[in-house]
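Naming convention: chains lettered A, B, ... in sequence-line order (proteins, then strands); numbering from 1 in each chain. Please read these numbers as outputs of a predicted model, since none were measured by experiment.
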Amino acid sequence: MTKPYADLRRETETRDRSLREKVMSLEEAAALVDDGDHVALGGCTLSRTPMAMIWALIRARKKDLVVSRSITSTEGDLLYGSGASRHVMTSWFSQGIVWGVSRVMRHYTETGRAIFEEWSHMAMGVRYRAGAMGVPFIPVRSMLGSDLTGRIDGPKEMACPFTGDRLLLVPALNPDVALIHVQRCDAYGNAQMDGLPFMDADIAMAANRVILTTERIVSNSQIRRAPDRTRIPFITVDAVVEAPYGCAPHECYGVYEPFLPNLDAYAALIGRDAEAGVKEYLERYVYQPRDWVAYLDLLGMDNVIDAARRGRSVYND
Amino acid sequence: MTKPYADLRRETETRDRSLREKVMSLEEAAALVDDGDHVALGGCTLSRTPMAMIWALIRARKKDLVVSRSITSTEGDLLYGSGASRHVMTSWFSQGIVWGVSRVMRHYTETGRAIFEEWSHMAMGVRYRAGAMGVPFIPVRSMLGSDLTGRIDGPKEMACPFTGDRLLLVPALNPDVALIHVQRCDAYGNAQMDGLPFMDADIAMAANRVILTTERIVSNSQIRRAPDRTRIPFITVDAVVEAPYGCAPHECYGVYEPFLPNLDAYAALIGRDAEAGVKEYLERYVYQPRDWVAYLDLLGMDNVIDAARRGRSVYND
Amino acid sequence: MTDNGSHSAAELLAVMSSRSLEDGQTVFAGVGIPLLAATLAQRIHAPGLTILFEGGVLGPFIVPGELPPSTNEQRCTRQANMVLSNTDVLLLLQRGYVDIGFMGGAQIDRYGNLNSSYIGDAENPKIRLPGTGGGNDIASLTRMIVSMIHEKRRFVEAVDFVTSTGYWHGGTSRSDSGLTTGGPYRVITDLAVLGFDEETRRMKVEALHDGVEPDQVQDATGFELMFDDEIGRTEPPTADELAVLREMDPDRVYIA
Amino acid sequence: MTDNGSHSAAELLAVMSSRSLEDGQTVFAGVGIPLLAATLAQRIHAPGLTILFEGGVLGPFIVPGELPPSTNEQRCTRQANMVLSNTDVLLLLQRGYVDIGFMGGAQIDRYGNLNSSYIGDAENPKIRLPGTGGGNDIASLTRMIVSMIHEKRRFVEAVDFVTSTGYWHGGTSRSDSGLTTGGPYRVITDLAVLGFDEETRRMKVEALHDGVEPDQVQDATGFELMFDDEIGRTEPPTADELAVLREMDPDRVYIA
C-alpha cells in the first residue's frame, strides 16, 4: 500500500505546480479522476463533505474507486449504491448517530459486494499525515491487541529502537486524488477554511492530485492579505470548481448546517429497502437533475434558506 | 534522549490541566524553570523570540539549561555569556545574515566552554513534532551521508520495513519547559498567533511545562469567538505573563519589527571583544534595569515607536 | 429500558457516569449520554472539567437545548476554546493530555474488550456495525468509562471481534501487547457500577443501583462477574442532577 | 570580488543563477543572491516561478527596495500566498514539491559536498560556522544550485566537514546512503557555470563567463576539474537583467 518514494517523487515532479488559473466545471474536474483511483475525501461525517464532486463522479459513471475518509456518512452509501466504489477505507461508516447504522453499508458489505476497510480514526489521520510528510510510515501506540490489525493491509509491529516500546507502524497514504470542499479559495487554489479543519490539509499535501470545490472563488489579493489563514497552498491543487452549497445535504461551517428534511427522507427511504432505496435516491437526486443548481432546486428553496440561516448563526455571537 | 513513555505520561497526568487563571509576573514564571532543564524556545532567529522570559531566567541566575530552538540568534549569545546555558541545540546559530557569524557563539564553542549541537532544521522540527504526537521517533530522509549524524546524540538509521528505503529515525524531543511569545492569549493560556507560526504549536504540545509571554491578555470570550484561530490550547499552558514588546530587540509579527539600532550596537560591541562585549551588554540591559519597562526605556522611545510603526505596516495593505 | 422510578435508564447512566468524573480532568466525550454526563459534572461538581470532541473541539460550552447531533459538526464548536484537526485532537490521547474517554459498544466481555465492528464472524457477519471511529484510540491510550444498558446479549463470554482492546486476555496481557497506559476504568450500566480486579483484570461489581440485587446483575451478564466482598450502593439521582439533564435535553432526544 | 566590467561579481552570480531557473518551478531561496536570482527570473522569463522561504513562506511577492533581512521575518510574508510552520515548509522538500534549492557554503568539494559547520577539525575547530539551517535538508531532498565566489580556499580537495551531502564519495554513493532523490545540479561562480559528470559525479565546467579562460577556473580550484569537450560561453548580463537587480536592491546591500 505504501507508494515507493521514487514513484511519489516522480509523480509530483511532473505536476504543473505553477501559479496558474485552474477554474473549471464539475464535469471537467471529474475527468481528472480515473477508474480505479484512490480518492480521499475531505471533511468528516456530515461536515464539509465534497458532495458536489462526488455527485459529479457518480454522474460520470466512475468505477472501482478506492475511497478513503476520516468518517464516512451518506456519501459512502451513494458510492456503494452507484457502483463508483466497492472499497471504502474509513474509521466509522454510518449516516450519523441520530439515524443509526447505515442500511446501505450493511447491505453491500454483508453480502460481500463491497469492502469497508476499518482503521482507527487516529490511524487514518496519521496515515494521511505520513503521506503529507513524505515518509513511508509513522509509529502509533494504538490498535495494538485488537482484531482490527488482522483485517487491514499494512500495519507492522515493531520494537522501538530507542525505548524498546512495542509500536505499530502505520503506512503512509498518498491518495491519487483528493476531493476537498472549502468556504473560499482563489482561482489558483489557495484555500482558506473556517471552523473545523478535519484532515484536509494533510490529505491535500499527501495526494497526487487535488480537486477543490468551493462556496466561492475570491481574488488572490484577498488571500494574500491574510496569508496565515491559507490552509491549502496552490502548488498542491489541480482544479478549482465553484459549487455553492457544494456539501448539501451535508454542512459547510458558517455557511449552512445539514439539510435535515432531506437526510430524514433519505433514512426513511433506505430503511424500507436499502438497495432499492439508494438507487431511487441516486436516480432522483444524482442522475436526473440537469445540473448542480437543479439538484439544489430539488432540495427546495425553504431548505436552502433554513440551512443557511442555521449555518451562519455561528457568527451571531 | 527520548523520554520513556511512562515518564512522559506520568508527568503530563500530574499537571493541573484545568481551565484556571495562570497570570503571573516574569519573576514568578522564572521560578517554574529548574537548573538543568531542557528549555525550548519558540519563534525563529529574530522573530517572536521569548526575550522577556529569557531575560528573566538570566536575571534569576539559572544554570546548566539545555536550550533548543529552530534557529538561534542573539538570545543564544546571552545564554552562553551569562552561563545560563552551555548547551544549545539548534540548526543555525548566528545573530542574522546581515551581521555575519556570531563572535560570541564562536568564542564559547571554539574554546570548548559551550556546546552547539547541530541538527538540520527539518530534523529539529520533526523531533518537536514527534514529541507533540507522543511517539518516540519519526523517520526522515535527511542528514543521511552527512557528518552531522556523527556529532549528535540520537538518530538511528533503519531500513524501512515497507519499502526497504534507508531512513533516519530522529528521536522525539519533549522539552521540560517551552517559552513561547504570542501576540495575544487569555488568562487561561489559549493563544492566538498571527503571521509566521514557526514550530511553536508543536513545541507547546511536546513540552512538559509551557510559559507563555504575550503582548496582551485578552478575554476568554474573545478567544471563543474565533476558536479556529487558537494555536496553543490552555491545557498545555502553566503560566501566562503579559510582557509588552516582549521580543525586543527582536520582532513580533504585526506588532513591531527588530530594533535595529540596538542590534547594530550589540554587533559592534561583541565585534570588539566577544566575551567582554556580551558581559557588558548583559550588565547594562539584563542585570541593571529595575524591570522590563526600564529595559524598554534603555532601548529608547524613538526605537519603540519606530519598531512598532514598521511592525504594524504588514496590515497597511 | 429499565426505569428505576422517576428517571429513565438513560438518565441513570448519565448521572452515574457524571459522578465518575473529577474536577480538573480532561474528558473525551461523544454525543448522547457521555456529553450529558460531562456537562452535568461541570454544572454540579466539576466546573474545571474540559471536554474534547473527536471532530476537533477543545473546551466547548454546551448550550442547553442545543445539543450537537454529532461531534463533527459546527454546533460542537459553539464558544469552544479551540478547534483543531481530528488527527490532532486524537493525538492528545497519545500525548497523554486526556484523563478519561467515554465509550459504548455492541458487546463487552469480562476483560472490558469492546466490539463495535461485527456481529457474528467478521468474514461473513450477521451485522456489519459502523466501526471503531476513535473508540479504539480511546481504549488504547487512556482510561475509559463504558456506559451501556446491562443485557446478556451485550455482556458476552467472548466478543465476536475486539474492536477496542480492554484488558485483552486479562492479567498483564494488555500492557504486553504494547498498550502500556490506560485501560478500562469503569463500566456503568442501568444496574450497577463495575470495575476491574487489579490482578486478574476481570470485571467486578463495585456498587449496585437503588433496588438492584446482585443476582439480577449476574443474570443480565453472559459471563461470571466478580463481586466485592462488601458491595456498595449508589445514591439515586438527585433532583438537581435530573433537573440539569432535563434542561440540557428538553426534547428528551437522549434521555428518554 | 571580481568585477567583469559593468557589473559586480554578485550581480553576475545573481544573473547566472536566475537563468538556471525555469518557468513553473518551485524554488527554495534564502535572502541575498538566491532571492535576487529568483525574483529576477520571475521578472524576465519565469513569471510562474514560486518562491519558498525557510521561515515558512510560500509564494511571496518581493517589493523592490524592501528586500527582507532574513527569511524568518515578517517582511518575508509581504503579500505571500501562505505562511506555514518552518517544519511544514521544509517537509515540502521531502514530499517532493520543490524543484530547486539554493545553497551556499564556506567550502565545496569535487562531489558537491558542502561545509557550513566547521573550519578545521570539528573536535577542535579553527572556526565554528553558523551551521546547516535548512541547507542539509535542501541538499538531501532536492536538486540544488550552489552559488559561490570561485576561490581556492572555498573549492577544496576535501571539505573539513560534510554539512550538506552532495554526491558524497561520487558514483552511486549518494543514493546508496539513502539520499535517492535530488543532488547537486549546478555550481554557479563568478568565473563559470559548473555541473557534475553523470557517472563519476565529479564537478565539471559547463560554460565560462565572458573573458574567463579554462586555466583561470582551474587555478581558482583546489581539486582537478573536468571540462566538457566543448565548453560553452555564457551570455553576459543584459542591461534589462541588471536594471531589475538594481531596482530590487537600490541600496546595493547584496549586489555590491
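At least one donor-acceptor pair under 3.5 Å links the side chain of D:Q94 to the backbone N or O of B:R141.
D:I119 CD1 to B:E110 CD: the interatomic distance, rounded to the nearest 0.5 Å, is 10.5 Å. To the nearest 0.5 Å, the span separating CE on B:M122 from OG on D:S140 amounts to 7.5 Å. Distance check, rounded to the nearest 0.5 Å: CE of B:M143 to CG of D:L179 gives 11.0 Å. In this structure, CG in B:L144 is found 8.5 Å from CG in D:N136, a value given to the nearest 0.5 Å. In this structure, OG in B:S142 is found 8.5 Å from CG in D:L90, a value given to the nearest 0.5 Å. Note that the OG atom of D:S85 and the CZ atom of B:R231 stand 11.0 Å from one another [nearest 0.5 Å].
For D:I127, the parts sitting under 4.5 Å from any heavy atom of chain B are the backbone and the side chain alike. For B:Y128, no part lies near chain D; criterion is any non-hydrogen pair under 4.5 Å. Neither the backbone nor the side chain of D:T71 comes within contact range of chain B; no heavy atoms are under 4.5 Å apart. Contact annotation for B:S70: only side-chain heavy atoms (C-beta onward) come within less than 4.5 Å of a heavy atom of chain D. With a 4.5 Å cut-off on non-hydrogen atoms, B:D317 touches chain D through its side chain but not through its backbone. Interface residue D:L141: only side-chain heavy atoms are found under 4.5 Å from chain B. Heavy atoms of B:Y256 lying under 4.5 Å from chain D belong exclusively to its backbone. Residue B:L148 touches chain D through both its backbone and its side chain, counting heavy-atom pairs closer than 4.5 Å. Neither the backbone nor the side chain of D:N113 comes within contact range of chain B, judged by heavy atoms closer than 4.5 Å. Residue D:A80: no heavy atom, backbone or side chain, is found under 4.5 Å from chain B.
Nearest heavy-atom pair across D:F161 and B:R151 is CE1-CD, 3.4 Å.
Of the residues considered (D:S177, D:G178, D:P130), D:P130 shows the highest number of contacts with chain B, using heavy-atom pairs under 4.5 Å. When each of B:E257, B:H250, B:R310 is scored by its heavy-atom pairs under 4.5 Å with chain D, the top score falls to B:E257. When B:R48, B:R166, B:E157, B:M124 are compared by the number of non-hydrogen pairs under 4.5 Å with chain D, B:R166 comes out ahead. The greatest number of non-hydrogen atom pairs below 4.5 Å with chain B, out of D:E123, D:Q79, D:R174, is found for D:E123. Across D:D137, D:D176, D:T165, the residue that shares the most heavy-atom pairs under 4.5 angstrom with chain B is D:D137. Between chain D and the residues B:A123, B:G96, B:G125, B:S146, the most heavy-atom pairs under 4.5 angstrom are made by B:S146. Comparing B:C252, B:G311, B:G150, B:A159 by how many heavy-atom pairs each has under 4.5 Å with chain D, the most go to B:G311. Interface remark: of the candidates B:D200, B:L196, B:V101, B:V140, B:L196 forms the most heavy-atom pairs closer than 4.5 Å to chain D.
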Exercise for the section: Under the side-chain contact (heavy atoms from CB on, under 4.5 Å) rule, what do B:V98 and D:Y254 come out as? Steps first, then yes or no, please. Expected result: CA-CA 10 Å; B:V98 292; D:Y254 300 106; 4.2 Å; yes
Practice task
Could you walk me through whether B:Y253 and D:T77 pass side-chain contact (heavy atoms from CB on, under 4.5 Å), step by step?
Solution key: CA-CA 10 Å; B:Y253 191 99; D:T77 69; 2.9 Å; yes
Problem - CA sep, side-chain torsions, deciding dist, call: D:N72, B:S47, side-chain hydrogen bond (donor to acceptor under 3.5 Å, both in side chains) - result: CA-CA 7 Å; D:N72 310 310; B:S47 290; over 6 Å; no
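Using a 4.0 Å cut-off between charged nitrogen and carboxylate oxygen, D:R128 and B:E118 count as a salt-bridge pair.
Crowding of D:K126 atom NZ: a count of heavy atoms from other residues, nucleotides or ligands under 6.0 Å not exceeding 12. In the displayed structure, B:R86 atom CZ is contacted under 6.0 Å by at most 12 heavy atoms of other residues, nucleotides or ligands.
Under the 4.5 Å side-chain criterion, counting only non-hydrogen atoms from C-beta, B:W119 is not in contact with D:T132. Two residues are said to be in side-chain contact when any heavy atoms from C-beta on lie closer than 4.5 Å; B:F198 and D:V83 fail this criterion.
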